[in-house]
Number of protein chains: 2
Amino acid sequence: MDARERILEAAARLFSNQGYPATSLAQVARTARVSKALVLWYFESKESLFRTALQHFLTPYEIDAHALLGLTEREQIEKLIDDYYDFIAEHLSSVQFVLGQVVRQDENSHELVTHARELYRVYRELLTTILERGRASRVFAPQVRPAEDAALIMAALNGLLVQQLVESERECDPQELLARFKSTIRTQLCPSLPEDVPAALRTDTLPHETFGQRAGR
Amino acid sequence: MDARERILEAAARLFSNQGYPATSLAQVARTARVSKALVLWYFESKESLFRTALQHFLTPYEIDAHALLGLTEREQIEKLIDDYYDFIAEHLSSVQFVLGQVVRQDENSHELVTHARELYRVYRELLTTILERGRASRVFAPQVRPAEDAALIMAALNGLLVQQLVESERECDPQELLARFKSTIRTQLCPSLPEDVPAALRTDTLPHETFGQRAGR
DNA sequence: GTCTATATACAGATAGAC
DNA sequence: GTCTATCTGTATATAGAC
């Protein structure tokens, strides 16, 4: 790995752990095992180094909407939830950084914050659309309110993320919470489905599809 | 307001908006309309100023558990949710700051982060207890899982907070989302209650109490 | 208590040798 | 390309006048 690459990697890690103002070029240089001058030979300023390093984070933030084709609305919702969770688990430290920037509304990372917000919006609108379609085709209950419920699902996912970042002692297994969440959503969206309750209690109209195993991922 | 007070207030605002490293004593002094030296006359160092200023944030972070006495479990849950939301609305900028510190796990605010985490834990355990009692007394459905559902409620609340902080263009009214959330919880906890669905569909056992109006706060 | 003046350290950035 | 040496600004912190 050449010097430029090492600098970029060190910068990404340090900026993400400590934030922009708390990270000095000297520290980046030391971490990358080069001189300060070399850092500024490759990148014209601290800020441009920051921006360039952030591209490392932003690149993987994309949604693969095509993978949803051929799934039922309920499966689509669950897939989106799982994808969101997987993405977070895989990029935890950079997600933590981005969230920090978003919460702080750091001026230095305006691009980053805008990008994150945009992605969030797209994700939510995708959820809304699916909820609308599911309700229209009677897969989901008529009480479903697409816009609000999509926002609530996103909120819960983000909340689970924050919880995961915050809780030092793993009091709850996040995987288990996610399963519980999906189960809750399922009951909420499709109240006609038997949950852990005797099926005899319910007599609603049947959904127009059958469901297989509920085993996790 | 005397100089010390002005310094403290300026410090609280600036630290909370810009973070610790990006805020200089000169800026604090300018904002408080005093000299740099005076700041360090009252506070022995930048870090001690930071810590002292943070007490302003931490003070109001308390839970009034006594106010829950005499309410039904369902009302207790809703009251806790409303209180949480009200608190956030009232202290939005400091909550934003604390959340930023928590997410970043800033070393400078270890006390702060610990306090916030502790408060969060207490809040969640309170919810868990109420859910347990409600389930035991058959006010809540037997499917309720106290620990997990308490965590999910907290997650959703925190997610709504993040959403509120993040969304520049108010696409959804947070008040409306909260109402929808409470309504969702209600259906989830007490599936025997008629929601927007014809009561004829349900035949479960009745809760041991009656419910009055559903009007908001 | 509040100030001006100053010490000291370190930041980001440049010059120029190799 | 990579370095050492250095410039310049600004940060925290101190000294001491009033």
Side-chain angles (χ1 to χ4, degrees), chain A residues 1-57 97 100-101 104-113, chain B residues 1-57 97 100-101 104-113:
Chain A
M1 190 162 60
D2 68 345
R4 199 192 124 101
E5 200 57 29
R6 285 208 310 279
I7 293 170
L8 226 34
E9 208 198 357
R13 208 174 71 241
L14 292 172
F15 281 135
S16 88
N17 288 338
Q18 310 173 337
Y20 180 84
T23 302
S24 73
L25 291 184
Q27 198 181 4
V28 172
R30 209 179 317 124
T31 308
R33 298 189 310 281
V34 296
S35 69
K36 274 200 301 179
L38 192 64
V39 174
L40 288 161
W41 191 86
Y42 282 115
F43 307 94
E44 67 177 9
S45 70
K46 183 187 181 184
E47 201 181 317
S48 100
L49 168 63
F50 179 74
R51 274 201 257 275
T52 312
L54 286 193
Q55 299 309 318
H56 278 250
F57 292 159
F97 173 65
Q101 300 300 101
R104 284 215 172 144
Q105 306 190 320
D106 194 316
E107 304 167 9
N108 289 107
S109 25
H110 188 261
E111 288 178 72
L112 180 64
V113 170
Chain B
M1 190 164 55
D2 68 344
R4 198 192 125 100
E5 202 57 30
R6 284 207 311 279
I7 293 170
L8 227 32
E9 208 198 357
R13 209 173 70 241
L14 292 172
F15 281 135
S16 87
N17 288 338
Q18 310 173 337
Y20 180 82
T23 303
S24 73
L25 291 184
Q27 198 182 4
V28 172
R30 210 180 316 124
T31 307
R33 298 189 311 280
V34 296
S35 70
K36 281 196 298 179
L38 192 64
V39 175
L40 288 161
W41 191 89
Y42 282 115
F43 308 94
E44 66 177 10
S45 70
K46 182 186 180 183
E47 201 180 315
S48 101
L49 168 62
F50 179 74
R51 274 200 258 273
T52 311
L54 287 192
Q55 300 309 320
H56 277 250
F57 292 160
F97 174 64
Q101 299 302 100
R104 284 218 174 141
Q105 306 191 320
D106 194 314
E107 305 167 8
N108 290 106
S109 27
H110 187 261
E111 289 178 72
L112 179 64
V113 170

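The sequence lines fix the lettering, A, B, ..., with proteins before strands; numbering per chain opens at 1. Keep in mind the model is a prediction, meaning the values are calculated, not measured. Both backbone and side-chain heavy atoms feed into the values below; hydrogens, waters and symmetry mates do not.
- Counting only residues at least two apart or in different chains, salt bridge (Lys or Arg N to Asp or Glu O under 4.0 Å) contacts with residues 30-56 of chain A comprise A:Glu47-A:Arg51, A:Arg51-A:Glu111.
- Taking the side chain to side chain contact (heavy atoms under 4.5 Å, CB included) definition, one finds that A:Val113 meets it with A:Gln101, A:Val102, A:Arg117, sequence neighbours left out.
- For the pair B:Tyr42 OH and C:dC3 C1', the computed distance is 12 Å after rounding to whole Å.
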Validation: residues 2-9 of chain A side-chain donor-acceptor distances under 3.5 Å, sequence neighbours left out:
| residue | atom | partner | partner atom | Å |
| --- | --- | --- | --- | --- |
| A:Asp2 | OD1 | A:Glu5 | N | 3.2 |
| A:Arg6 | NE | A:Ala32 | O | 2.8 |
| A:Arg6 | NH1 | A:Met1 | O | 3.4 |
| A:Arg6 | NH2 | A:Ala32 | O | 3.3 |

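- Atoms CG (A:Leu49) and P (C:dA13) sit 10 Å apart, rounded to a whole Å.
- Checked against ring-ring contact (aromatic ring centres under 6.0 Å, His included), B:Phe43 has no partners two or more places apart in sequence or in another chain.
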Exercise for the section: Indicate for each nucleotide in nucleotides 12-18 of chain D, in 5' to 3' sequence, whether protein heavy atoms under 4.0 Å reach the base (B), only the sugar-phosphate (S), or nothing (-). Expected result: BBBB---
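- Using bins of under 30°, 30° to 60° and over 60° for the plane-to-plane angle, the ring pair B:Phe15/B:Tyr20 lands in the parallel bin.
- Atom CG of A:Leu38 and atom C1' of D:dA5 are 16 Å apart (whole Å).
- For B:Thr23, the side chain to side chain donor-acceptor pair (under 3.5 Å) partners are B:Gln18, not counting sequence neighbours.
- Between A:Gln27 atom CD and C:dA13 atom P the separation is 16 Å, expressed in whole Å.
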